[in-house]
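Okay, so here's the structure we're looking at.
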Amino acid sequence: TLRLASRVSNTLRAGTPTCSLEKTLACPVIFVRVPEPDLPKLLARMEKVAVSWKGKVLVLCDSAGDSSTLKGFEVRGVHAATVGVLDTGGNNDAIQFVVEGHSRAVAAIHRVLRLPRITTLRIAKGEKKRFWRAIEIMEYMLPLAIAAEQELRAAGLPSASPLLMQLEQ
C-alpha cells in the first residue's frame, strides 16, 4: 500500500512512494515488496511497461526467490538483487539483512541501508536457498552442540574440543 511504502521510505530516508507503476518504473532503483503469490503477476505487468530497463536496479524484498527470479529483466540490462531480514532471535536490537545479487544492485542496497544498527550480510549470487537451508540446519544443530558440550563437561571433560577434533578426522 502507499501508506506502507511511505512509512518505509520515511524510515530509510530514501525514495518516493507512488501509486503508479509507470512512475515507479521511471526510478533508477526500484524496491519491490509484495505478497509472494502476487509476485509473478506484478513482474509480468512490469515487463509489459514501455520503459528503458538498461542500468536500472531492481530489488526483491523479503522474497523466497533469489535474483534469478528477475532473469527476464536482467537480459534487458537490469541489475537484480534480493534483500531480506535475518532473524537474530532478539539477541540484540540490531537488524541484519541478507543481500544477494548483482554487485551494482547490492551496492544500491548498501547505500539505502546505511543506518545505525543495520548490517548486511552478502551471500553469493543465486545461493539464497542454500543459505537459508544452512541457517535452518544450524537452528537444529546449535542446541544439540551445546547440549553435547554440557554432557561432556558433566562426564569430566574440561572441553569437547579434543573430542571434536578427533571426529573431524
Side-chain angles (χ1 to χ4, degrees), residues 1 3-5 7-15 29-44 46 57-74 78-169:
T1 66
R3 186 169 57 168
L4 177 60
R7 203 173 326 148
V8 170
S9 67
N10 287 337
T11 300
L12 295 174
R13 295 181 183 97
V29 179
I30 303 161
F31 285 83
V32 175
R33 184 176 187 272
V34 296
E36 203 69 33
D38 298 340
L39 185 60
K41 188 166 56 172
L42 175 64
L43 293 179
M46 289 171 63
V57 171
L58 184 56
V59 180
L60 290 183
C61 304
D62 298 325
S63 173
D66 61 28
S67 58
S68 67
T69 304
L70 301 171
K71 63 183 166 201
F73 293 92
E74 288 180 315
V78 166
H79 307 298
T82 63
V83 62
V85 176
L86 177 62
D87 184 4
T88 57
N91 293 340
N92 56 36
D93 59 351
I95 302 169
Q96 190 165 38
F97 287 89
V98 177
V99 181
E100 168 277 330
H102 189 281
S103 58
R104 287 190 184 165
V106 169
I109 294 168
H110 284 144
R111 282 191 303 275
V112 170
L113 294 179
R114 194 174 296 151
L115 294 169
R117 301 178 318 137
I118 291 182
T119 58
T120 56
L121 176 65
R122 183 175 184 181
I123 59 174
K125 184 174 173 37
E127 297 297 336
K128 189 173 177 181
K129 287 181 182 175
R130 180 174 291 177
F131 171 81
W132 288 115
R133 255 193 328 266
I135 293 296
E136 189 173 344
I137 290 167
M138 286 180 5
E139 286 176 354
Y140 291 107
M141 287 179 53
L142 188 57
L144 292 173
I146 291 169
E149 175 83 18
Q150 290 170 344
E151 291 298 316
L152 289 169
R153 285 184 185 208
L157 288 176
S159 170
S161 296
L163 185 60
L164 292 175
M165 289 170 59
Q166 285 181 341
L167 291 175
E168 287 178 357
Q169 297 172 352

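The structure presented is a predicted model; accordingly, all values stated were derived computationally and were not measured.
Residues Val78 and Leu70 fail the side-chain proximity criterion, which asks for heavy atoms closer than 4.5 Å. No side-chain heavy atom of Phe97 sits under 4.5 Å from any side-chain heavy atom of Asp62. Inter-residue side-chain proximity for Ile123 and Lys128 is flagged as met; some heavy-atom pair is nearer than 4.5 Å. Here the side chains of Leu43 and Thr69 are in contact, with some heavy-atom distance below 4.5 Å. Inter-residue side-chain proximity for His102 and Ser67 is flagged as unmet; no heavy-atom pair is nearer than 4.5 Å. Looking at Leu39 and Val32, their side chains come closer than 4.5 Å, going by heavy atoms from C-beta outward.
More than 12 heavy atoms of other residues, nucleotides or ligands sit less than 6.0 Å from atom CZ of Arg122. Heavy atoms from other residues, nucleotides or ligands lying under 6.0 Å from CD of Glu151 number 12 at most.
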**Message:** Run the side chain to side chain contact (heavy atoms under 4.5 Å, CB included) test on Val83 and Leu113 for me, step by step, so that the C-alpha distance in whole Å, both residues' side-chain angles and the decisive distance to 0.1 Å come before the verdict.
**Reply:** CA-CA 10 Å; Val83 62; Leu113 294 179; 4.2 Å; yes

**Request:** Report the C-alpha separation of Phe73 and Met46 in whole Å, then their side-chain angles, then the decisive distance to 0.1 Å, and conclude whether the side chain to side chain contact (heavy atoms under 4.5 Å, CB included) test is met.
**Result:** CA-CA 9 Å; Phe73 293 92; Met46 289 171 63; 3.9 Å; yes

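For the side chain to side chain contact (heavy atoms under 4.5 Å, CB included) criterion with Gln96, the lone passing option out of Val85, Ile118, Leu121 is Leu121.
If you take CG on Leu60 and CD on Glu100, they are separated by 9.0 Å, rounding to the nearest 0.5 Å. Rounded to the nearest 0.5 Å, atoms OG1 (Thr119) and CD1 (Ile95) are 9.0 Å apart. Atom CZ of Arg130 sits about 6.5 Å away from atom CZ of Arg133, to the nearest 0.5 Å. Atom CD of Glu127 and atom CG of Asp66 lie 8.0 Å apart (nearest 0.5 Å).
With hydrogens and angles disregarded, no donor-acceptor distance shorter than 3.5 Å links the side chain of Glu36 to the backbone of Ser63. Not one N or O on the side chain of Glu74 forms a donor-acceptor pair closer than 3.5 Å with the backbone of Ser68.
Looking at every heavy atom in both residues, Gly65 comes nearest to Thr82 through O-CG2, 3.6 Å.
For Leu142, the side chain to side chain contact (heavy atoms under 4.5 Å, CB included) partners at least two apart in sequence or on another chain are Ile146.
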